[in-house]
Every structure is written in C-alpha cells, then in structure tokens.
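Encoded as structure tokens, the structure appears first; notes follow it.
In what follows, chains are A, B, ... by sequence order, proteins preceding strands, each numbered from 1.
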Amino acid sequence: MVVNELEEILLGVAKKLGYETDSMRVILSNRPDLCDYQCDEVFKLAKSAHKSPIEIGESLVEEVNKIDNFSDYFEKVEFVKPGFINMVLSPSFINKLLTGMNDNPKFNLSAPEKIETVVLDYGGPNVAKPLHVGHMRTAIVGESIKRILNFAGHKTIADVHLGDYGLQIGQVIYGVQKENISLDDLTIEDLDRIYPAMSALCKEDEAVKEKCAEITKELQDGNLEYRKMWKKIFEISSEDILGIYKYLDVSFDLWLGESDAYPYIPRVEKIFKEKDLLKESEGAIIVDVSKETDKKEVPPLVFQKSNGAYLYATTDLATIVQRMEDYHPDKILYVTDSRQSLHFEQVFRASDLAGIAPYSVFEHLGYGTVNGSDGKPYKTRNGDSPKLQYLFDQAKEVLISKKETNADMSNEDVDKIVNAILKFADLQNNRERDYIFDISKFSEVVGKTGPYILYTYLRIDKIIQNVSLDNHKITNNIYNNYDRDLRLKLLEFPVVFKNALEYRMPNYLADYIYDICVLANAFYQNNHINGLEEEEKKKDWVFLLALTNRMIKEMLSLLVIKIPTVM
RNA sequence: GUCUCAGUAGCUCAGCUGGAUAGAGCAUCGCCCUUCUAAGGCGAGUGUCAGGGGUUCGAAUCCCUUCUGGGACACCA
C-alpha cells in the first residue's frame, strides 16, 4: 500500500544519513492543500540525535530529492517548519497503484500474517421475546465484522447463540400456564404479550419470581411437560427470528443456543472441580475470579444457583468448551451490549483459570446502550422498545412517500433500499458509543445515508455501462483536481480497511464509502464523460469510475448492504 | 460508595493508536435541472472540543482533578 512504499523510501534515506530509527511513519496529510502524505518523525529523530528538527528535516528532504527514481513516486517532497516532511505523489505513482488495485480482487490488501479461525457470537436473541432495535445492532455489527474478517482472509464461524434456556423461558411458561393457552393455539403475538407482562410481574411479586425460577430449574432437569412447552415456544420464536434475519441478510453457520451447551456442563464442572475452583457461598456454587491487581472489586462468577439451576455464565463456559473442542478457534468474539462487560470479564477469567481457553482468545465487542430520543435507555424488559418489524415498516413507508416513482419499485428493490437506510444509519455510528434511537433519523433518505451511496453507485453504473474498456491501461495523466482527489481517496483503502479490521469498527468503512461517494459525485458532475472526444481520457475516466464502483459495491457488502436495480 | 463510558456547531454525530487551519449530515440562506438520474452539485455562517491543571516542540486526542449525564456492581441475560 502507499504508506508502506513511502515509509520504505524515507527509512532508506534516514538510514543512509546515519539516523537511528526503524520506522518513518507516513500518514495521510491533514493539510491536503499542502500535500498528499506527510511524515512527522523528524521530531523524534531530532530528540534522539540531539539535533534541530529543521536540520534533520532539510537533510532528509534533500536526500529524497536525489533518489534515482524520484519522479516514479513524487511530484514534490518538501520540508516545512517546524518539522513536517510533505509529499505530493506523482501521477505515475498514483496510477501505478490504481492499476494494481484494479488487478487485485482485494484492492491490494495484503494477506494476513496468520490466518485465524474466529468464532463470532452475535445476534443472541431470546426466544420468547420479540426482536427489538438492540437486536438489529448486534446482528448487523456482528455480521459486518464477520464479513470484514472473511474479506481479510480469516476463517469465521458465526453462532447465533440463542437465549433459549434461561429464566425468561420459565417466565413465559408460567405465563402460558396462567393464561391457560393450549399449546396448539400459541402464537408469536402471545409471546410478545406474555414476556413483558411476566417480566414486570416478577419484579413486583417475589412468589411469582420464585415460581418462574423453579420452572426454569425443572426444565433444565428434564421435566417432560415443560420440555414440550419449551420446544413449542422455541419453534414459534425461531420462525419469527429467522424471518427477520433473512430480511436483514444476516446468516449464521451455527444455530445453537444455551440449551445446546447443557450437555457440556458436567464436563465443565469436572474441569473446575479438578482445579479446585468451585466454592460454596450462601448456598450457591461460585468461582472466585478476582485478582489482587484489580482496581475494582470483581464479584465471583455464580456457577450454580442455590436452587441448583445454571445460569448464563455457566452456559457460556460450557459453550466455550464446546467451541474449543469443535473448532479450535484462535479468537472468540462476542458482540453484545456493553453493559454485559462485567459478565464477560468474569467468564473470560474463569475460562483462563480453568485452562479451558486463555484470556487472550476472547474479545467482548460491546456496543452502546440503545437509548430513546430523550437519552434514556429503553426498558426492553417492560416491552417499551419498538419492535424491529415496526422499524422496517416505518422506513419503507417513508421511502415510498419520498418519490412518486418509488411506488412502482419491485419489492426486492424496496427491501434492499430499506436495508441500506437502516444499516448505514446504524453502522456509521461508532459501535462503542451509546446508541440514540430516533425513528425519523432511521428513516432518513437524504444526506449521509444509505440511499445516497446507492444513488451514487447507480449513477456511476449508468455512465460506465456504454463504454467498453477492452483491457484499457490507464495513461499517466490526471486531468483535474476532481479527478485527482478521487484517485487519491481510492488509494486509502488498505489503511482504512486495516483499521476497520483491527479495531472491529465497521463505521470506519462507512465513513470511507461516504467520502468516496462525495468525491465521485463531484467528479462526474464536473467531468462529463458521454460525448468526450478524447478517447484516452474517456477510457481513463471510465476505468476510474469502474474501479470506484467495484470498491463501493464490495465495501457495501461488508456493511451487509445490497444494491438495487433502480432507484 | 467503587468501577466504567461519555460531554465536540442550534440538533445528531465522526475524528481520540498526539501533529500544521477541528469535520460531516440535518436545519437556515443563495445559486444550478432543454446537459450521463436534482435521493444530486456549487457557495455562505456558526465552535472556550464541559471547566481547571499537567506531560510534550506540539493536546479534542495522553495523565491528574472538578462538574454533569449514562451504565455496571454474585444467584437476570
């Protein structure tokens, strides 16, 4: 990639001059009026060499200007006080890199040093409760990170990890019994109603809470009647969940859940017992996961409740055993609400203590709490959060009302655009931040939105459709600043992607796609291609736009967004 | 109480692995459709980057501290 090549040149020069350094870090210019790329290492060299940065910078720049193939890389390299090396790339360098990107299915992205097997745990819907906005977040962020990992060349295994065996099931079973609904008549609407009601009731009534816990425990112990009810609830919910994931184009390799971890619990118990890690405390079995170095108090992990039932932490540990045995992953990533960070800290530590999987295998990728426009968190347990389906319907309605012709679009295209609206609105947020959910913002179709990206793609597509490139090799020319800006932006891809991958931040890609689209819009509106008589220029530009669109399409797919046929 | 995350333009946010003049979208106000799709483009204005200290040649970014708000803190997930 660009920065590597530039770094190599500068490092070579620095070493030739006898400066002791092993890296000359080059970054994208933050003063595009002055240069394309900059290097700020002069300050550090000055410190270690006990010389003035000006002296060092000027000597470096002088030497760079003397290299044989200078014009293969640069148009200009200059030193600017107090210590910046400013580089302007030559057209031939830019175009050489673009050609390389065009010839490479991954746009010159280098292969990973080690191909890792990564298990991703996202989605995590509770059977028994309707999917709400928070579930879209985990599904989309998780799916996007999965696709980013795959694009980078890693191997992924995505597990939906259904919440299908915890207390919430006990609550729903209790509710179904209480309302005396026969299993054959049970519907998703019943579940939507019963879960929030029972959840609220448990908070008020201790006796009901105990009863629900009791049911949960008996279900886990194999009570046939409860087992039958569980199966039915599971089936109804799964159908609903599958439908929504299908709509969102989110898919999983494994459709497992907490219940599938149960067979592994005896083994987990044995491992912990052998290491003498299980302690009794207040009737419950716990694992002490605190460390002396802890700044805060880390409470023990509750392995088994005093009534004998198992909890989230135990099934998570059992799931880790299962995953290590079946897939030997290098990493296990969990995409959940960041409020669960303490829980995962406990589980990761317990796993490490017991030698199931070392702490370094795990990453908890937390995302911000879903808040309302008033800044307060949605109380999902009380059913206050809007259902996901409502969100889809709302976005669709706004979309259709936006343009008369939209009513004539195929359902398929409408769905793709609705997906683009929601996902781009979601993924352009930094996933770690709290998430203000505002339905009008999530139905927005103008500005920095999914539709803007799709619109740009389709316009470009229309322009390039009629020109055949016949293996055209771009010339050494760059024709104007609109043109140059777009070319330079495309070169940033490997760095942007690398950051998105390393930090697991899809919003880096979202921002980047948007930047490309802004420049592409400016480019084609100021440079008419159709009717151009200069054949080479025309083909150069079509080449550029074709590459732009290929990249947009590929990156949209990393954001789980598909392109419609028309808009 | 302890820990933790945040506070950036009127609103919603990006930037935070330290760099030169802090960026987008929305909203507001102009201009551009007989011209490859106006869901677009061009132009205009707005900031004590919560306050205070520190480290550094250089801080929105790192450290300390105060204020404000969110969240977590063993038998929920």
Side-chain angles (χ1 to χ4, degrees), chain A residues 27 29-31 33-34 38 40 43 46-47 52-53 80-84 86 124 126 163 166-168 171 199 202 209 213 216 258 281-287 289 294-307 309-313 315-316 336-343 345-346 366 368-369 371 373 375-377 381 399 402-403 405-406 417 428-430 432-434 436 438 440-441 444-456 458-467 499 502-503 507-508 510-511 514-515 518 521-522 524-526 528-531 566-567:
Chain A
I27 58 171
S29 168
N30 49 43
R31 288 291 302 275
D33 53 319
L34 298 179
Q38 65 187 74
D40 307 333
F43 293 110
K47 199 169 269 182
S52 88
V80 176
K81 289 176 190 173
F84 300 102
N86 288 349
N126 279 339
L167 184 63
Q168 76 275 17
Q171 290 174 335
S199 181
C202 280
K209 191 178 169 189
T216 309
E258 290 168 335
S281 169
E282 294 171 33
I285 309 289
I286 62 163
V287 180
V289 292
D294 283 340
K295 281 210 296 191
K296 60 171 177 179
E297 210 174 309
V298 178
L301 176 146
V302 178
F303 193 90
Q304 190 172 18
K305 281 172 66 155
S306 41
N307 78 350
Y310 294 104
L311 296 153
Y312 188 31
T315 58
D316 265 358
T336 77
D337 190 308
S338 45
R339 283 179 293 186
Q340 295 188 24
S341 63
L342 180 59
H343 159 77
E345 181 66 24
Q346 293 175 314
T369 311
N371 291 336
S373 336
K376 288 180 184 165
R381 301 266 162 121
L399 173 64
K402 214 67 191 177
K403 248 182 163 185
T405 52
N406 283 359
I417 299 168
Q428 69 173 296
N429 287 305
N430 178 331
E432 293 172 326
R433 299 290 196 99
D434 278 358
I436 305 272
D438 177 351
S440 64
K441 191 180 170 184
E444 197 55 72
V445 298
V446 295
K448 191 174 179 179
T449 61
Y452 174 79
I453 311 289
L454 298 178
Y455 164 84
T456 307
L458 291 174
R459 276 197 71 171
I460 291 176
D461 194 51
K462 191 79 173 286
I463 294 168
I464 61 179
Q465 257 169 23
N466 302 321
V467 182
N499 284 332
E502 189 178 337
Y503 297 101
N507 69 305
Y508 291 174
D511 270 341
Y514 177 73
D515 287 347
V518 168
N521 263 298
Y524 64 61
Q525 292 203 27
N526 288 286
H528 258 250
I529 286 177
N530 223 346
V566 288
M567 274 179 83

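In this structure, A:Gln340 reaches the bases: a heavy-atom distance under 4.0 Å links it to at least one base atom across the strands shown. Within the 4.0 angstrom heavy-atom criterion, base atoms lie near A:Leu399. No engagement by A:Phe303 is indicated, since no non-hydrogen atom pair under 4.0 Å with the nucleic acid exists. A:Glu502 comes within contact range of no nucleotide atom at all, as no heavy-atom separation falls under 4.0 Å. Among the protein residues, A:Ser281 comes within range of the nucleic acid bases, having at least one heavy atom under 4.0 Å from a base atom. Looking at heavy-atom distances under 4.0 Å, A:Leu34 makes contact with a base. In this structure, A:Asn406 reaches the bases: a heavy-atom distance under 4.0 Å links it to at least one base atom across the strands shown. Nucleic acid contact class of A:Tyr310 (heavy atoms, under 4.0 Å, all strands): none. Contacts of A:Leu458 with the nucleic acid, taken as non-hydrogen atoms under 4.0 Å apart, include base atoms. Looking at heavy-atom distances under 4.0 Å, A:Pro300 makes contact with a base. If you check every strand for non-hydrogen atoms under 4.0 Å, A:Ile286 touches a base. Using a 4.0 Å heavy-atom distance criterion, A:Leu167 is classed as a sugar-phosphate-only contact.
Remark: P of B:A20 and CZ of A:Phe43 are 10 Å apart, rounded to the nearest angstrom.
Comparing B:U48 with B:G54, their P atoms sit 22 Å apart, to the nearest whole Å. With C1' as the reference atom, B:A72 and B:U55 are 32 Å apart, rounded to whole Å. Between B:C33 and B:A38, the distance separating the two P atoms is 12 Å to the nearest Å.
If you check B:A39, B:A24, B:U56 against the side chain of A:Lys403, the one that comes closest is B:A39. Here the side chain of A:Asn521 is nearest to one of B:C57, B:G41, B:C13, namely B:G41. When distances run from any side-chain atom of A:Lys448 to the nucleotides B:G25, B:A20, B:U37, the shortest one goes to B:G25.
Residue A:Tyr452 places none of its side-chain N or O atoms closer than 4.0 Å to OP1 or OP2 of B:A38. Contact check, A:Asn430 against B:G15: a side-chain N or O comes under 4.0 Å of OP1 or OP2. Within the 4.0 Å cut-off from OP1 or OP2 of B:A77, not a single side-chain nitrogen or oxygen of A:Arg339 is found.
Between the CD atom in A:Gln304 and the CD1 atom in A:Ile286 there is a gap of 13.0 Å [rounded to 0.5 Å].
Between the A:Glu258 side chain and the A:Tyr312 main chain, no donor and acceptor come within less than 3.5 Å of each other. Remark: the backbone N or O of A:Phe84 is not paired with any side-chain donor or acceptor of A:Gln38 at under 3.5 angstrom.
Defined by atom type and a distance below 3.5 Å, a donor-acceptor pair is present between the side-chain atoms of A:Asn521 and A:Tyr452.
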For each nucleotide in nucleotides 2-9 of chain B, reading 5' to 3', give B when a protein heavy atom comes within less than 4.0 Å of its base, S when such contact involves only the sugar-phosphate, and - otherwise.
-SS-SS--
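A:Asp511 meets the salt bridge (Lys or Arg N to Asp or Glu O under 4.0 Å) test with A:Lys448; sequence neighbours excluded. Scored by the salt bridge (Lys or Arg N to Asp or Glu O under 4.0 Å) test, A:Asp337 finds A:Arg339 as partners (sequence neighbours excluded).
Residue side chain A:Gln38 reaches the base of B:A20 through a donor-acceptor N/O pair under 3.5 Å, judged by distance alone. Looking at A:Tyr455, its side chain has no donor and acceptor atom pair within 3.5 Å of the base of B:U37.
Base-pair partner of B:C33: not found among the strands shown (Watson-Crick or G-U wobble, both distances under 3.5 Å). Partner assigned to B:A6 is B:U68, using Watson-Crick or G-U wobble distances below 3.5 angstrom.
In this structure, B:C11 is classed as anti because its glycosidic torsion departs from zero by more than 90°.
Between A:Thr405 and A:Asn30, the residue whose closest nucleotide on RNA chain B is further toward the 5' end is A:Asn30.
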